[in-house]
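Take a look at the structure below.
All chains are named by letter (A, B, ...) in the order of the sequence lines, taking the proteins before the strands, and each is independently numbered beginning at 1.
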Amino acid sequence: MATVTDERLFGKSIKRREDPRFITGQGRYVDDLKLPGMTYAAFVRSPNAHARIRRIDTAEAARHPGVVAIFTGQDMTGVNSLPCGWDLRKEKGVPGVIQDLAIVPHMPLSTDAARHVGDPVAVIIADSQDAALDAAEKVRLDWEVLAAVTATDKAAAPGAPVIHAGAPGNVAFQWEIGDAAATDAAFEQAAVTVKKRIVNQRLVANAMEPRACVARYEDATGELTLWVTSQNPHVHRLLMCAFVLGIPEHKVRVIAPDVGGGFGSKIFLYSEEVVCSWVSRRLKRPVRWTSTRHEAYLTDAHGRDHVTDAELALSKDGKMLGLRVRTTANLGAYLSTFAPAVPTFLYGTLLNGVYEIGAIHCHVSGVFTNTTAVDAYRGAGRPEACYVLERIVEAGALALRMDPIELRKKNFIPKFSGAHQTLVAVAYDSGDYPAATDKLLRIFDYKAFRAEQEAARKQGRLLGVGFSTYIEACSIAPSKVVGALGAGAGLYESAKVRVHPTGTVTVFTGSHSHGQGHETTFAQLVAHELGIPIEQVEIVHGDTGSIAFGMGTYGSRSGSVGGTAILMSLNKIKDKGRQIAAHLLEASPKDIEYSKGQFQVRGVPGKAVPFGAVALTAYVPHNYPEGLEPGLEETSFYDPSNFCFPFGAHACVVEVDRETGLVKVLRYVAVDDVGNVINPMIVDGMVHGGIAQGVGQALWEGAVYDERSGQLVTGTMTEYALPKADQLPMYETDRTVTPTPVNPLGVKGAGETGTIAATPAVVNAVVDALVPLGVDHFETMPLTPERVWNAIRRATTR
Amino acid sequence: MYPAAFEYHAPASIQETLGLLGRLGDDAKLLAGGHSLVPMMKLRLARPKHVIDLRKVPGLAGVREEGGSIVIGAMTTHWQVESSPLLCEKCPILSDTASVIGDPQVRNLGTIGGSLAHADPAADIPATAIALGAEFVCEGPKGRRTVKVDEWFQGLMQTALHEDEILVEIRFPAWPAGSGGAYMKFPHPASRFAVVGVAAMVTLDGKGACTKAGVGVTGAGTKAVRAKGVEAGIVGKTLDQATIEGAAQNAADGVDVQADLQGSVEYKQHLCRVFARRAIEAAVKRARG
């Protein structure tokens, strides 16, 4: 029988329940799975960035010992292109479309040409991983090598090699948001305008666990089980069944067990899991594939890659009159699952920031290049928007010779409740932007820093501070809204709460944890709401076989959307429990209240039935209300009415080594407002990790293609510089709390704030450090020592 | 990634190792700590048919003093070099250099001999070996021979070690009293190899004049080199700021600087000069005690 606790768990920093399993090596990942009769897949990939396939000769590879079968795209008849889940077309009524999305084919194994280095063209299936890899090297490929284009700003240039017949000029779409005429008018009236080219470089997600899948087809039942490193197993199943393989959904089970990080890269449907599923059906044997790290660099969807020209119009006293943004977004060689949404509706709609701006217009072109496909990476569109805005605002402050904080304060949207309609479609849910900045300045002690900076400058040291007052949209997303914008799916979430006869609880959630700590946070929520010990709550996720449906985890949606679905089911459980308790207590259900783990007659705590007794009664319904179904299990689907809009203010202090250009981060202060917080320790952890990734983008990370050969130069961890602990200071984090009115939990979302806010804060800090030398901007990140050194040199020798 | 198939050998003596090397020739690679060879094998950039593991060969590891020289066995790990009380006392530049190689995992397995025989152009130890004037004791079928450091590094990952030899130990001749040294590096942000690394040894006489110097530069070019122009700029001089600064200007002379993602030729030449100055300044500080 469940015991009762009155511990209030909402808001407590309890330790993560899943961590002992992870840190003692007992996590169960896809690659840990061993099935009888297993075969192993190795993909034959293009070494060329752009080349027509003349011939694939598999004869020698087929003779390699242990090889079971070899398939090319020609063998996969009846298999369709990988779908793009976001349809930017005028005929669909999608607002802002100037040029319809070119929906180009993306076959799981290309039959005509390779369009980026790493594009798969054949698969080897063997009895061992070694045999598969060795045989893959024996496949002879005859290519007609074509000219390639990798650079974002050259993709649509006249004469650039055409990558898809269906996308002449390599332009995938053109889209706009805002009011062009009003923006032009604002620039006419401006006292000061600034214009900057702002490049948001390409990033690689680098989840700790590389992608992997195991597909097992059972001939006897016709059922396919796919274990896959997925952030959203139901979405994987839907896309694969309905669009690519044409297998009925009820015959397919997708399981995403323990998954070691995603950062967006595991949202999407990839060739490898489709091919392994198809092969398993064909061979009637299980097939396993695990990506190598190098393959991950070449094939996991990349992030960001925007080239933007941004202009800000200001009045003499620093009011923001107009913002004009023109962005080219590199989509890579193919349309990844949600690629068109990222540089449009997740980007342009955030350009209002936390400011009152007179007019805004943003134009975006998506382009194809001979590079790995680009899609959502932690923050997805919002970091790009925040970076553009926070950089151009700082540039505006410099032009006005105004303190950057003063300029921001002059333009903050004042505290509001209810809703604030922006100029770029979305309406903010709740916000108090000045408060977050005020709190930041108190913690940071801005005055003291400026004095320290001045003193340091006199000694020849280059200290700088950078701010970032960001907004982001999460709790993704109201289905009707995203549907109208071109989404192929709804973005609700489901939760089933099953109360067992003994009063313990299993929750089946459509959210998926790949590092977020749902097994703790959701259990905490349930234990808090029911007043039962957390040990009596189990969270099940990542299995289409046991979970009703789910849209998965990305866009900081699990707490707000997934958590609210759980809360709705808990409320239904309580409602039913009230009826059972009323019967047992011989009272009216409307007089029964739920408190501290028991149903009691309102105001009479002595007259009560514990939660466990009600659960037992529901399953042993001898003394039971007439007409009430036995059992205690409820399912809910929650579809949010709006996005939630977390916000905050970050400050970063750097010191620049004048001689080498090396930037050292000395201090980092973050004040975030993510609404109510269920587990502050977990939220702090997400903020910490996010800041590391954000700083990483500003200073170290960057996927670089050789423009001539189209090779990915940064294709290993020894070339691609991920942030390391010894490069980062101890963070100082704090919060303001402005609960969202959108959901009953009041939680907004905390998974992406750090990546969004940190990048501009760092770059602003470096610029601030170098202002006395005459440096006022960096076009391109990361701010490598050489780039900084060059900027100093150019400025000081002018 | 998995390496291509290979045969593994674990000889139990130097003689057995030499026998295998003689028999297998080009097809064999020697495995010391494995932190250069194994990653290359996993990427299939190296695919030796035979791997000869030196870890079971006795007598190849350890730090000792012999007739005033420091002698370090080729299979001594970076961590052993970093933490050796003898080195910390008698030759701290070696411990310092070892302490900035890779990360603790790398230092626990990687070896000084492996690094010097592999001769990665961005490895740290080669600069310090040059500054100290190291000697390499190689053993082959005809017995032992000693190679001076200035002959050791011959090109990109090429050394004076013959294919039928193994590097047994590295000897570091004693420096006179009044000496001090330092290694300063600009690490690659991802690999932590040296984009540029400079090791400097100086000996100061009673009046503060430099009587002997050794300066090695690694990272920037295809092999580590002795910065002769820098040495010439400080030997016989009192090492004030201007002298050091002036000598350091020669740090990139004779370095075949390679441009890559980490920097242009010009930038790396500049880094050579900056780090030469910093290394000499630190060395002088140490020499003065």
### Query
In terms of heavy-atom proximity below 4.5 Å to chain A, should B:R44 be classed as side chain, backbone, both, or neither?
side chain

### Pick from A:T714, A:L722, A:D726, A:N790 with the largest number of heavy-atom pairs that fall under 4.5 Å of chain B
A:D726

### Query
Do B:D124 and B:T97 have a side chain donor and acceptor closer than 3.5 Å?
no

### Interface residue of largest heavy-atom contact number with chain B, from A:R793, A:E137, A:Q129, under 4.5 Å
A:E137

## Note on the structure
Between B:V284 and B:L239, the two heavy atoms sitting closest are CG2-CD1, 3.4 Å

### Task
Check for a donor-acceptor pair, side chain of A:R288 on one end and backbone N or O of A:A41 on the other, with a separation under 3.5 Å.
no

#### Entry: Aromatic ring pairing A:W289/A:F43, orientation class (parallel under 30°, perpendicular over 60°, tilted between)
perpendicular

### Message
Between A:Y377 and A:Q697, is there a side-chain donor-acceptor contact under 3.5 Å, judged purely by atom types and distance?
### Response
no

### Task
Under 4.5 Å, counting heavy-atom pairs only, tell me which of A:T784, A:L662, A:T716 racks up the most with chain B.
A:L662

### Choice from A:H294, A:E701, A:E719, A:R293 maximising heavy atom contacts with chain B below 4.5 Å
A:E719

### Message
For B:F193, which atoms come within 4.5 Å of any heavy atom of chain A: side chain, backbone, both, or neither?
### Response
neither

### Message
Just by distance, no angles: are the side chains of B:T243 and B:D240 close enough, under 3.5 Å, to form a donor-acceptor pair?
### Response
yes

### Query
Counting heavy-atom pairs under 4.5 Å to chain A, which of B:E266, B:Q262, B:K42 comes out on top?
B:E266

### Summary
So, the part of A:D706 with a heavy atom under 4.5 Å from chain B: the answer is neither

### Message
Given heavy-atom pairs under 4.5 angstrom as the criterion, report whether the side chain, backbone, both or neither of A:P785 touches chain B.
### Response
both

### For A:Y705 against A:V713, the heavy-atom pair lying closest together
C-CG2, 4.1 Å

